[in-house]
Colleague: 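One structure, pasted below without further comment.
Just so it is clear: chains get the letters A, B, ... in the order the sequence lines come, proteins before strands, and each one is counted from 1.
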Amino acid sequence: MDMQDSLMVARVVGAAFAMGLGAIGPAIGIGLTGSRAVQATARQPASSGEIMKTALIGMAVAESNAIFSLFVAVVLIFVPVTNPSWLKIVALISAGLCMGLGSLGPGYGQGYSSARASEGIGACPGNIGETLKMMLIGQAVAGNPAIFALIVSMLLIFGSFPDGGGLLKGAALLGAGLSTGLGAIGPGYGQGFPAGEASWEVSRRPEQATLLTRTMLVGQAVASSTTVYALVISLLLIYFV
Amino acid sequence: MDISGAEFIKAAALLGAGICMGLGAIGPGIGEGFAAGKACEGVAREPENAGLITRTMLVGQAVSESTGIYSLVIALLMIFVV
């Protein structure tokens, strides 16, 4: 088996990890939104149009994480490796793991936000503008960890890793993917929680929108700190080992 | 390919650094998110206590953050010291 065959094996294994793991979180999150939207519609059939609109917009945003995974999987399968080396085999599998694990948390978190927003819209369909704005701001911030995972995946896929570092560099590249991938789960899940609660509260008390946006963003900023640490460790492992 | 013991240990430390920071980030992320979510609820119900609620949230999050910082320290130690 020559190097190109080995690289192809790594590319398909990486793609399987990226899309297989990456489908879990967004699917659960979107399903949660769907179930809450059905509940809300059953309670307030009159506001079914507003509930449907909110749920569909929220589901589309939560779906973006699965689309990142799909993108990484397609790149891994179809884009030829420009700088082949034995270390690249590890880098490609690590890239797939990073994106697959990285979309678990944000997918669920963003789905939770739109689930709470749909419930809120069901109770108070008049405040759909403020609620949608709060939901989208919260979801955008909760999506950050998945974007970090996408960046690290791209660095691992397109970076050049000459065969000098041997075992050390291979372990570092695998560690880099696992660090950002696993590190995105918690913050992505956690940031969805304030986004959901803020959307729910703003649908009932739109006059508190400014205060709620501020509290939500401060809370999300602190909750995202650990994913930034994970990104820093990944970059150290890729470039300084 | 012959691998010395020291090189094997260093490789395990580098892989360990990634796993350490990755797993260590899960708990604080979820925990701090719960605190922030409940703070949003509280601020909406009692906007006049917003300052107090935000302060309590930040203290709780800071304590919850500590295990994430332990993971960061251990990961940096494994990269640069081991």
Colleague: Heavy-atom distances under 4.5 Å only: say whether A:Y189 touches chain B with side chain, backbone, both or neither.
Modeller: side chain
Colleague: Given side chains that start at C-beta, do those of B:E41 and A:E201 come closer than 4.5 Å, heavy atoms only?
Modeller: yes
Colleague: Are there over 12 heavy-atom neighbours, none belonging to B:F80, within less than 6.0 Å of that residue's CZ?
Modeller: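 For B:F80, atom CZ is crowded (more than 12 foreign heavy atoms under 6.0 Å).
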Colleague: Can you tell me which of B:L58, B:L23, B:I26, B:I69 forms the most heavy-atom pairs within a distance under 4.5 Å of chain A?
Modeller: B:I26
Colleague: Please walk me through it: do A:T215 and B:I53 pass side-chain contact (heavy atoms from CB on, under 4.5 Å)?
Modeller: CA-CA 9 Å; A:T215 312; B:I53 293 169; 5.6 Å; no
Colleague: Could you measure the distance from the CH2 atom of A:W200 to the SG atom of B:C40? Nearest 0.5 Å is fine.
Modeller: 14.5 Å
Colleague: Give the minimum heavy-atom separation between A:P187 and B:A25, together with the two atoms involved.
Modeller: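 Of all heavy-atom pairs spanning A:P187 and B:A25, the closest is CD-O, 3.6 Å.
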Colleague: Can a donor-acceptor pair be found between the side chains of B:E65 and A:S225 at a distance below 3.5 Å?
Modeller: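 Distance-only check passes for B:E65 and A:S225.
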Colleague: Considering non-hydrogen atoms only, spot the tightest contact between A:G219 and B:A36 and give its length.
Modeller: CA-CB, 3.6 Å
Colleague: Is there a side-chain contact between B:E32 and A:Q191 (heavy atoms, below 4.5 Å)?
Modeller: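 When only atoms from C-beta onward are counted, A:Q191 and B:E32 do not touch, as no gap falls below 4.5 Å.
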Colleague: Measure the shortest side-chain to side-chain distance between B:M57 and A:V222 over non-hydrogen atoms and say whether it is less than 4.5 angstrom.
Modeller: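 They are not in contact (no side-chain heavy atoms under 4.5 Å apart), so the answer is no.
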Colleague: List the atom of A:Q208, the atom of B:P47, and the distance in Å for their closest heavy-atom pair.
Modeller: NE2-CG, 3.0 Å
Colleague: Sort B:A39 into side chain, backbone, both or neither according to what part of it lies under 4.5 angstrom from a heavy atom of chain A.
Modeller: both
Colleague: State the SG-CD1 distance between B:C20 and A:I233, to the nearest 0.5 angstrom.
Modeller: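 Interatomic distance, B:C20 SG to A:I233 CD1, rounded to 0.5 Å: 8.0 Å.
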Colleague: For chain B, find which of A:A176, A:G186, A:A195 contributes the most heavy-atom pairs closer than 4.5 angstrom.
Modeller: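 Looking at each option in turn, the highest pair count goes to A:G186.
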Colleague: Answer yes or no: are there more than 12 heavy-atom neighbours, outside A:R205 itself, under 6.0 Å from its atom CZ?
Modeller: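 Counting neighbours around CZ of A:R205, more than 12 heavy atoms of other residues, nucleotides or ligands fall under 6.0 Å, so yes.
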Colleague: At what distance, to the nearest 0.5 angstrom, does CD1 of B:I79 lie from CG of A:L237?
Modeller: 4.0 Å
Colleague: Which atom pair, heavy atoms only, marks the closest approach of A:T226 to B:P28?
Modeller: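 Shortest heavy-atom contact: CG2-CB, 3.7 Å.
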Colleague: Quick check for you: among B:L72, B:T54, B:L76, which has the greatest number of heavy-atom pairs under 4.5 Å with chain A?
Modeller: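 Option with the greatest count: B:L72.
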Colleague: Please identify, among A:S179, A:G181, A:G175, the residue contributing the most non-hydrogen atom pairs under 4.5 Å to chain B.
Modeller: A:S179
Colleague: Heavy atoms only: give me the nearest B:A11-A:L168 pair and the separation to one decimal.
Modeller: N-CD2, 3.3 Å
Colleague: Test side-chain contact (heavy atoms from CB on, under 4.5 Å) on B:L15 and A:L178 and set out the steps.
Modeller: CA-CA 9 Å; B:L15 180 58; A:L178 285 174; 4.2 Å; yes
Colleague: Can you measure from CG (A:L182) to CE (B:M21) and round to the nearest 0.5 angstrom?
Modeller: 10.5 Å
Colleague: State whether the number of non-hydrogen atoms from other residues, nucleotides or ligands found under 6.0 Å of A:F17 atom CZ is greater than 12.
Modeller: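 No - once you tally the heavy atoms of other residues, nucleotides and ligands closer than 6.0 Å, there are 12 at most.
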